[in-house]
Amino acid sequence: MNQRQLFLQHVAQTSPAPIALEIIRAQGIYQYNVNGKAYTDLISGFSVANIGHSHPKVVEAVQKQAAEYMHLIVYGEFIEAPQVAYAKLLTDYLPATLNSVYFTNSGAEATEGAMKLAKRVTGRSKIIAFNKSYHGSTQGALSVMGSEYWRNAFRPLLPDVYHYDYGSQQAIDAIDNTVCCVILETVQAESGVTAPAKEWVEAIREKCDRHCALLILDEIQAGFGRTGTLWAFEQFKVVPDILLLGKALGGGMPLGAFIADKKLMNTLTYDPVLGHITTFGGHPVSCAAGKAALEVLLEGGYISTVKKKEQLMLSLIRHPSIKKIKSCGLWASLEFDSFETNKKVIELCIEKGLITDWFLFAPECLRIAPPLIITEDQLSKVCLQINAAIHEITD
Ligand code: PLP
């Protein structure tokens with residue numbers, strides 16, 4: 001059997017039609033297949049590779065930490081320098097109330113931990129979530145996912161979860177003193193990059209404050225410069241009670257985190273003791289990689305280039321078949337008339353050496369989210385290639 005057959009036979013399949021490119025090396029904004037063909041990565045592993053692939057400083061940090069030690073003991077028992085250093089760096093760049101980091105293995109586990117924390121802090125169970133939101137695939141995270149199609153297949157799920165439209169007045173009205181928490185993506189990813197109105201986010205924050213409900217902001221996809229600021233919430237002038245991070249957090253290694261004030265976080269420490277535990281959460285190699293990646297992101301000044309690159313992208317991508325373009329930073333969604341058209345464009349882009357994809361709740365929209373290190377020249381070139389692909393498919 002060849003690699004493709006072995007992949008289909010022995011690696012569990014998440015869809016009947018995986019992209020199934022066979023990549024043997026990735027560097028910077030490119031991924032290379034077995035024949036040496038270069039593909040420009042326009043999705044960054046869904047906002048993981050914000051500083052590109054296998055950055056030398058990240059590789060060095062991984063190698064150094066792996067040689068020193070890997071796993072020692074379950075999370076939280078020993079003082080492990082990579083966790084301490086990364087938690088310190090993250091909190092240095094966060095508002096004062098986000099001062100305690102609970103590292104997990106993934107984004108979904110960060111969601112789970114945050115919802116448990118909110119229950120303990122408030123003593124309530126009612127959760128407000130949003131249609132077309134994605135927070136992970138575990139059962140708690142699935143319960144707050146914004147699609148009945150996916151939720152229903154796995155019921156029964158968590159009780160007491162209520163979904164509203166993102167940006168709706170009904171969501172604001174629903175927050176009262178029975179609500180435990182509101183879980184919200186600062187910029188909604190899988191609906192096709194939907195940025196909410198500032199006033200709406202402020203109103204949600206204000207209602208949460210008034211009724212002592214916690215605001216959880218999910219920046220697992222939106223964080224680490226993707227939207228043009230290190231954290232997307234900076235643009236909305238609100239601070240969450242709990243922040244969810246993942247994806248780019250690990251610099252390519254598996255890592256998630258929920259971050260809150262120490263006073264809140266302490267509720268997981270007592271009664272019951274060990275209220276939330278994980279074996280591999282905050283793996284030292286992942287923390288070393290993540291810290292190195294964040295340093296590269298900050299020291300390279302990449303975030304300050306994002307808005308300009310966004311404007312460049314918006315000025316170059318144009319075709320009458322695009323019904324609508326939504327963007328927030330280096331993160332865009334091009335809407336076509338149907339999934340069928342979008343799929344053909346995506347397939348042709350891949351043939352032309354551009355990796356792109358659709359959105360979970362917006363299958364008619366093409367995703368563009370390149371590594372933030374992409375140069376203006378490289379970006380201009382891919383925009384023209386995308387235009388050409390759309391022209392070939394739709395004209
Ligand atoms: N939240 C958001 C906004 C995401 O995009 C994702 C993953 O795509 C998650 C949570 C879940 O993260 P993970 O796949 O690491 O569990």
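All ligand and atom numbering here is 1-based and tracks the order in the structure. Computation of the quantities below employed the complete heavy-atom set of this structure, encompassing side-chain atoms and omitting hydrogens, waters and symmetry-equivalent molecules.
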Will you find, in the side chains of D218 and H135, an N or O donor that is under 3.5 Å from an N or O acceptor? yes
Residue portion contacting ligand 1 (non-hydrogen atoms closer than 4.0 Å) for A189: neither
Does the protein come close to atom 14 (O) of ligand 1 - that is, does one of its heavy atoms sit below 4.0 Å from that atom? no
For the pair E190 and R367, find out whether any cationic side-chain nitrogen is under 4.0 Å from an anionic carboxylate oxygen. yes
Checking heavy atoms under 4.0 Å, the part of E185 that sits near ligand 1 is side chain
Counting each atom of ligand 1 from 1 as listed, which ones have a heavy atom of K247 under 4.0 Å away? 4 (C), 5 (O), 6 (C), 7 (C), 8 (O)
What is the ring orientation for Y30 with Y32, classed by angle as parallel under 30°, tilted 30 to 60°, or perpendicular over 60°? tilted
On the ring face of F336, is K323 found with NZ or CZ under 6.0 Å from the centre and within 45° of the axis? no
When you check the side-chain N and O atoms of T91 and N99, is any donor under 3.5 Å from an acceptor? no
Measuring from non-hydrogen atoms of T111 to any atom of ligand 1, is the shortest distance under 4.0 Å? no
Using a strict threshold of under 4.0 Å (side-chain N to carboxylate O), is an ion pair present between R151 and E148? yes
Using distance alone, with no hydrogens and no angle criterion, decide if S338 and E364 have a side-chain donor and acceptor under 3.5 Å apart. no
Just need the protein heavy atom nearest to atom 5 (O) of ligand 1, so name the residue and atom and give the distance. Q221 NE2, 2.7 Å
Taking NZ, NE, NH1 and NH2 as the nitrogens, is one of them in K88 or D92 under 4.0 Å from a carboxylate oxygen of the other? yes
A108 N/O to ligand 1 N/O under 3.5 Å: yes
Ligand 1 to S106, heavy atom cutoff 4.0 Å, flagged ligand atoms 15 (O), 16 (O)
Counting both backbone and side chain atoms, is some N or O of E109 under 3.5 Å from an N or O of ligand 1? no
Y134, portion touching ligand 1 at heavy-atom distance under 4.0 Å: both
Of all protein heavy atoms, the one nearest atom 1 (N) of ligand 1 is D218 OD2, 2.7 Å
Are any of the N or O atoms of G107 closer than 3.5 Å to those of ligand 1? yes
